[in-house]
2 protein chains.
Amino acid sequence: MPADLPKSRAPSIRDVARLAGVSHQTVSRVLNNHPSIRDSTKARVQQVMDDLQYRPNRAARALSRGTSRTIGVLSASSSQYGPASSIAAIQDAAREAGYYVNTANLTSADPATIEAALDHLMLQSVEGIVVIAPQMRVFDVLEQLSVAVPYVTLQSTGSLNEHGLSFDQIAGARAATRHLIDLGHRNIYHLAGPQDWIEAEARMRGFLDEMGAMDVPTTAPILGDWTADFGYYAGRELLRVRDFTAIFSSNDQMALGLMHAIRDAGLDIPGDVSVVGFDDIPEAAHFWPPLTTVRQDFAELGRRCMALLLDDITDGPDQQRSAIIPELIVRGSTGPPAF
Amino acid sequence: MPADLPKSRAPSIRDVARLAGVSHQTVSRVLNNHPSIRDSTKARVQQVMDDLQYRPNRAARALSRGTSRTIGVLSASSSQYGPASSIAAIQDAAREAGYYVNTANLTSADPATIEAALDHLMLQSVEGIVVIAPQMRVFDVLEQLSVAVPYVTLQSTGSLNEHGLSFDQIAGARAATRHLIDLGHRNIYHLAGPQDWIEAEARMRGFLDEMGAMDVPTTAPILGDWTADFGYYAGRELLRVRDFTAIFSSNDQMALGLMHAIRDAGLDIPGDVSVVGFDDIPEAAHFWPPLTTVRQDFAELGRRCMALLLDDITDGPDQQRSAIIPELIVRGSTGPPAF
DNA sequence: CGTTCGAATGTGCACGGTCACAAATGTGGA
DNA sequence: TCCACATTTGTGACCGTGCACATTCGAACG
């Protein structure tokens, strides 16, 4: 009978130890790069590990160390470009740091669903949580459950609390608004995102701040749901009363829908109406007309978020939370108003 | 000193057992819904678990059971709409089935990177793997490493091997091509995806099959990279020699870039050139003109994929792998050719 | 009233690592 | 030669849960 027949059990450190002629503890030391191991011993153990295709058992390690090296991501609309990019970056950063990532999607935003998703994460004994979701509500649940792990969120300036990652969306929104005002527009609408998303709220505040600072009268923003479909229908409604020359949309998808509606009404962009988006998704440069928008570096955002969380977990120094300043990308969808 | 001061350790089944006046095994039975537990006992134990906010320790459970209840997702371009949607669906389905999901991103497609990502997953003792990536290469690595866990991939008809999930992309591509031919087009180009993506290859084959079946001469497809940017540059190159009246793009993003290039050249869509995409991303209906495309239900795809994998893991019955037939959505980007 | 049998519960160990501590080994100087 | 001390290695317990098996309990039956 061949010696390498498929074992019923995967090899453990004790198997390795036996074959290498050392104690299991020595094998453990090799695994963890303990300093005081003779090179020759280390090499011998490594050799056996290779031969056996040994893999440390994560569950056993987690159990004995009392730490899971796993972080959880709580995410809504994870199929959209922004969140998806951030999640990807978070995963990469986590892997780099030797952490595992587990994602829970929120299909709706009611407290029960949020609680269930959090439960799912906590059951995995995650060491930290990243929230990419309508954070207002999630925060409530997090506070109420007095969750025992650190958490961070991708969040705007004006830190709602200490868990946020600064990202100056207000500045971005002000830049976009200023651009329209500078072009000569005075009747500007804002199509905002869902009001319980902190990003949406920050962009809205940026818009209102800038309008106020420049003494331009404003109307109440429309609250959307991030989708192109909504942008389209909102545009149709708005165009019944054509009392504006520019719209600032809280994301690129809604801006796309808006432009569709505007064209359907026989109007020209930017001749009759200028449109500004937010995010600079990769497709925005190819819209018709190419979309003026505010660039967000989602990947960088995800990376920073992860760094922050890892600091919290390891009780490291409070990393400086400098804000990333988004950049206005001017393309063909904006121009001076027609008179 | 209050009795409920923050314990240094989370409560275990033994803590629960002590307070409930039963053995730890009885607590374990309650946890696992063992049939022969008296209702009164069960209730008492549940009560204590609630009081203590007891959470089973996943690592211990995994260690003891020898099973991790975790599946891995190996994903490339996970920030794109298609993959992202599928991943979200997979996560939901997994959570429903009591499984956890761990995702590893591929930043490039060379064997070393693939191997590293697989390693990362295997280190977590995943019980199965879903591949959403340039599968040709990943397959090689999977086979070569003789990975010990079942794996499935989101894949086209014509099963490359037994691990695939049928999804009739060839039929979808044929429908799109047929649509163009029926409109009267005879000079049709195909902008394909990266050739090591099975989806790209299947769509290309569908295109070539249909062209052959209808006796329309064809030129070699152009190989793209799924991005709108590439579609734009490919379009610019193609338009130097304007010997076609229609293009079938392997996804919607590239189709968007193509339309951008076509408009830049001063041509009309669909008057001068018809364009068909593939995927029906939510934005496609709002492109200018709205894009004729082939609808794929990524969420359904992800769910089926998960069901298939869970069957494999539990050695269940070989589920019938019926193909989902994609649907052609005709919008404004296609029309009869001008003569 | 003893026997039998199924339901309900308890006992002890295994899972595969890590940790604290003990022991062995090597090295240099008095 | 022997001791002090650093380096390297070994021993045994422990993390929290599930499994196999043993035991107790209770009811039914001849």
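Numbers restart at 1 for each chain; the letters A, B, ... are given by sequence-line order, proteins then strands. Because the structure is predicted, anything quoted here is derived from the model rather than measured.
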Between [Y] and [X], do the side chains contain a donor N or O and an acceptor N or O under 3.5 Å apart?
{"X": "A/Glu127", "Y": "A/Thr67", "answer": "yes"}
{"X": "B/Thr70", "Y": "B/Asn102", "answer": "no"}
{"X": "A/Ser108", "Y": "A/Thr113", "answer": "yes"}
{"X": "A/Gln47", "Y": "A/Asp51", "answer": "yes"}
{"X": "A/His24", "Y": "A/Thr26", "answer": "no"}

Query - Electrostatic pair A/Asp92-A/Arg303, nearest N-O below 4.0 angstrom - result: no

> Are B/Arg18 and B/Asp15 close enough for a salt bridge, meaning some N to O gap below 4.0 Å?
Replying inline: yes

Anything under 3.5 Å between a protein N or O and an N or O of nucleotides 23-26 of chain D, put it in a table, one pair a line.
none

Within less than 4.0 Å of OP1 or OP2 of [N], is there a side-chain N or O belonging to [X]?
{"X": "B/Thr26", "N": "C/dG10", "answer": "yes"}
{"X": "A/Asn32", "N": "C/dT18", "answer": "yes"}
{"X": "B/Ser28", "N": "D/dG18", "answer": "yes"}

Value in whole Å for how far the [atom2] atom of [N] lies from [atom1] of [X]:
{"X": "A/Ile13", "N": "C/dG16", "atom1": "CD1", "atom2": "P", "answer": "10 Å"}
{"X": "B/Ile37", "N": "C/dA7", "atom1": "CD1", "atom2": "C1'", "answer": "10 Å"}
{"X": "A/Arg14", "N": "C/dT18", "atom1": "CZ", "atom2": "P", "answer": "11 Å"}
{"X": "A/Asn57", "N": "D/dT17", "atom1": "CG", "atom2": "C1'", "answer": "14 Å"}
{"X": "A/Asn33", "N": "C/dG17", "atom1": "CG", "atom2": "P", "answer": "16 Å"}
{"X": "A/Asp15", "N": "C/dA14", "atom1": "CG", "atom2": "C1'", "answer": "14 Å"}
{"X": "A/Leu123", "N": "D/dT17", "atom1": "CG", "atom2": "C1'", "answer": "14 Å"}
{"X": "A/His34", "N": "D/dT8", "atom1": "NE2", "atom2": "C1'", "answer": "8 Å"}

Any donor-acceptor pair under 3.5 Å from [X] side chain to [Y] backbone:
{"X": "A/Asp312", "Y": "A/Pro150", "value": "no"}
{"X": "A/Arg58", "Y": "B/Ala59", "value": "no"}
{"X": "B/Asn32", "Y": "B/His34", "value": "no"}

The correct set of residues in residues 18-25 of chain B placing a heavy atom under 4.0 Å from DNA chain C is B/Val22, B/Ser23, B/His24, B/Gln25

Checking C/dA8, D/dT9, D/dT17 against the side chain of B/Ser12 (C-beta onward), the nearest is D/dT17

**Message:** Within the 4.0 Å heavy-atom criterion, would you say A/Arg55 contacts the bases, only the backbone, or no part of the nucleic acid?
**Reply:** sugar-phosphate

- Identify whether any heavy atom of A/Leu63 sits under 4.0 Å from a base atom; if not, whether one sits that close to sugar-phosphate; answer base, sugar-phosphate or nothing. base

By nearest-heavy-atom nucleotide on DNA chain D, the more 5' of B/Leu31 and A/Ser40 is A/Ser40

5'-most contact on DNA chain D (nearest-nucleotide basis), A/Ser36 vs A/Arg65, goes to A/Ser36

Heavy-atom nearest pair, A/Gly302 first then A/Ala89, reads CA-CB, 4.1 Å

Filtered N/O pairs between nucleotides 22-24 of chain C and protein, under 3.5 Å:
none

- Would you say the base of D/dT17 and the side-chain of B/Ser64 have a donor-acceptor pair closer than 3.5 Å? yes

Quiz prompt | hbond_proxy A/Arg61 side chain to C/dG16 base (donor-acceptor, 3.5 Å cutoff) | solution = no

Exactly one candidate in B/Leu74, B/Ile90, B/Leu308 meets side chain to side chain contact (heavy atoms under 4.5 Å, CB included) with B/Val130; the answer is B/Ile90

Side chain to side chain contact (heavy atoms under 4.5 Å, CB included) test vs A/Val138 passes for just one of A/Ile129, A/Val131, A/Ile132, namely A/Val131

